[in-house]
Amino acid sequence: MGYKEQKQRQFDMRYLQMARVWAENSYCVRRKVGALLVKDNMIISDGYNGTPAGFENVCEDDMGQTKPYVLHAEANAITKVAKSANNCDGSTLYITASPCIECAKLIIQAGIKRVVYSESYRLEEGLNLLRKVGIECVHLPLDE
């Protein structure tokens with residue numbers, strides 16, 4: 001691995017560690033997920049899974065199932081950019097869990113070019129869709 005690749009991997013690992021810390025802001029019990037959007041070596045947005053603004057901070061129903069209106073971390077990070085003067089075009093998404101198919105669609109439409117994740121989601125459809133359109137997907141497990 002060359003110097004440039006080694007330096008990129010070092011940044012990737014650090015941003016993933018930051019996303020893992022950011023996930024701790026989630027009120028979800030079943031799973032906490034964090035995301036960071038980085039563009040031109042700057043964090044332009046962040047997100048974690050949770051309920052939409054104005055809702056109670058309870059992600060699961062009485063049966064322990066995730067409520068259908070809970071937003072995923074990457075969706076929160078992308079929509080946060082939409083409220084700013086910035087955009088995601090050409091950015092990298094760092095996320096603690098690989099994206100689902102619905103979030104993959106948002107990633108594509110937002111112009112994100114690279115996704116770095118630490119844990120694999122149980123379904124592969126999101127990653128498969130991203131790869132199909134040429135978005136680089138990098139799996140970097142974080143050591144506990």
Side-chain angles (χ1 to χ4, degrees), residues 1-55 57-60 64-144:
M1 184 182 307
Y3 175 77
K4 189 174 181 179
E5 293 84 12
Q6 195 173 9
K7 193 73 173 163
Q8 182 62 59
R9 183 177 170 87
Q10 189 177 45
F11 276 117
D12 288 347
M13 293 300 285
R14 288 184 179 151
Y15 283 128
L16 273 178
Q17 289 167 340
M18 291 170 71
R20 183 167 61 183
V21 170
W22 201 244
E24 293 305 312
N25 289 316
S26 174
Y27 288 91
C28 296
V29 175
R30 289 183 66 209
R31 186 174 204 177
K32 296 176 184 296
V33 180
L36 292 178
L37 271 167
V38 176
K39 182 176 177 178
D40 300 327
N41 299 318
M42 293 182 295
I43 297 171
I44 61 167
S45 190
D46 55 63
Y48 49 87
N49 56 328
T51 56
F55 283 68
N57 288 321
V58 178
C59 299
E60 292 84 14
Q65 297 299 308
T66 301
K67 293 178 180 177
Y69 53 84
V70 168
L71 289 161
H72 290 185
E74 56 272 51
N76 268 325
I78 291 167
T79 55
K80 206 176 201 182
V81 173
K83 290 170 63 173
S84 75
N86 215 327
N87 67 68
C88 300
D89 202 34
S91 65
T92 297
L93 173 69
Y94 293 92
I95 186 156
T96 56
S98 60
C100 70
I101 189 84
E102 294 302 317
C103 289
K105 293 184 228 177
L106 292 176
I107 290 165
I108 293 165
Q109 290 300 96
I112 295 166
K113 295 299 177 209
R114 195 164 173 264
V115 174
V116 181
Y117 63 98
S118 57
E119 300 169 20
S120 294
Y121 181 61
R122 60 185 168 81
L123 302 173
E124 291 278 322
E125 294 125 334
L127 289 173
N128 292 339
L129 184 63
L130 295 176
R131 289 182 183 118
K132 185 175 183 175
V133 298
I135 294 174
E136 180 184 0
C137 299
V138 180
H139 182 211
L140 287 178
L142 291 175
D143 295 330
E144 294 300 321

Close side-chain approach of I44 to V38, heavy-atom, < 4.5 Å: no

CA sep, side-chain torsions, deciding dist, call: Y94, R114, side chain to side chain contact (heavy atoms under 4.5 Å, CB included): CA-CA 9 Å; Y94 293 92; R114 195 164 173 264; 3.6 Å; yes

Intermediate values then yes/no, side chain to side chain contact (heavy atoms under 4.5 Å, CB included), V115 and I107: CA-CA 9 Å; V115 174; I107 290 165; 4.0 Å; yes

Flag if over 12 foreign heavy atoms under 6.0 Å of CD, Q109: no

Under the disulfide (SG to SG under 2.5 Å) test, residues paired with C137 that sit two or more places apart: none

D12 with K7: basic N within carboxylate O range, under 4.0 Å: no

N57 atom CG, neighbour heavy-atom count above 12 within 6.0 Å: yes

D89 backbone acceptor or donor facing N87 side chain under 3.5 Å: yes

Distance, nearest 0.5 Å, that separates CD of Q10 from CD of Q6: 7.5 Å

Closest heavy-atom pair and its distance - L140, V116: CD1-CG1, 4.0 Å

Heavy-atom side-chain proximity of M18 to I43 below 4.5 angstrom: yes

Interatomic spacing from NZ in K83 to OG in S45 - rounded to 0.5 Å: 10.5 Å

Validation row: V70, C28 side chains within 4.5 angstrom (heavy atoms): yes

Residues that L106 engages under side-chain contact (heavy atoms from CB on, under 4.5 Å), provided they are two or more places apart: A75, I78

Heavy-atom pair with the smallest gap, counting every atom of C59 and G50: SG-CA, 3.9 Å

All pairs passing salt bridge (charged side-chain N to carboxylate O under 4.0 Å, His left out) where residues 43-53 contributes a residue, at least two apart: D46-K80

Spacing of CD belonging to E74 relative to OG1 belonging to T79, to within rounding of 0.5 Å: 10.5 Å

Test item: K105 side-chain N/O and I101 main-chain N/O as donor-acceptor pair under 3.5 Å: no

N/O donor-acceptor pair under 3.5 Å between E5 side chain and G2 backbone: yes

F11, CZ atom: more than 12 neighbouring heavy atoms under 6.0 Å: no

Distance-minimising heavy-atom pair for N76 and Y48: ND2-O, 2.7 Å

Side-chain heavy atoms of I108 within contact of L130, under 4.5 Å: yes

Short side-chain to backbone donor-acceptor contact, H139 and S118, under 3.5 Å: yes

Other residues, nucleotides, ligands: >12 heavy atoms within 6.0 Å of R131 CZ: yes

Straight-line distance of H72 NE2 to S26 OG, nearest 0.5 Å: 10.5 Å

T96/Y117 under side chain to side chain contact (heavy atoms under 4.5 Å, CB included): CA gap, chis, key distance, verdict: CA-CA 5 Å; T96 56; Y117 63 98; over 6 Å; no

Distance-minimising heavy-atom pair for K67 and V58: NZ-O, 3.3 Å

Side chain to side chain contact (heavy atoms under 4.5 Å, CB included) evaluation trace for R14 with L16: CA-CA 5 Å; R14 288 184 179 151; L16 273 178; over 6 Å; no

Distance in Å, Y121 OH paired with S98 OG, rounded so as to fall on 0.5 Å steps: 8.5 Å

Closest non-hydrogen atom pair between V33 and I95, with its separation: CG1-CG1, 3.9 Å

Rounded distance [0.5 Å steps], CG in L36 versus CZ in R20: 12.5 Å

salt_bridge(E119, R31) N-O dist < 4.0 Å: yes

Minimum heavy-atom distance between L129 and A104, given as atom pair plus value: CD2-CB, 4.1 Å

Test item: side-chain donor near acceptor, N25 and K32, under 3.5 Å: no

Atom OH of Y69 with >12 non-hydrogen neighbours under 6.0 angstrom: yes

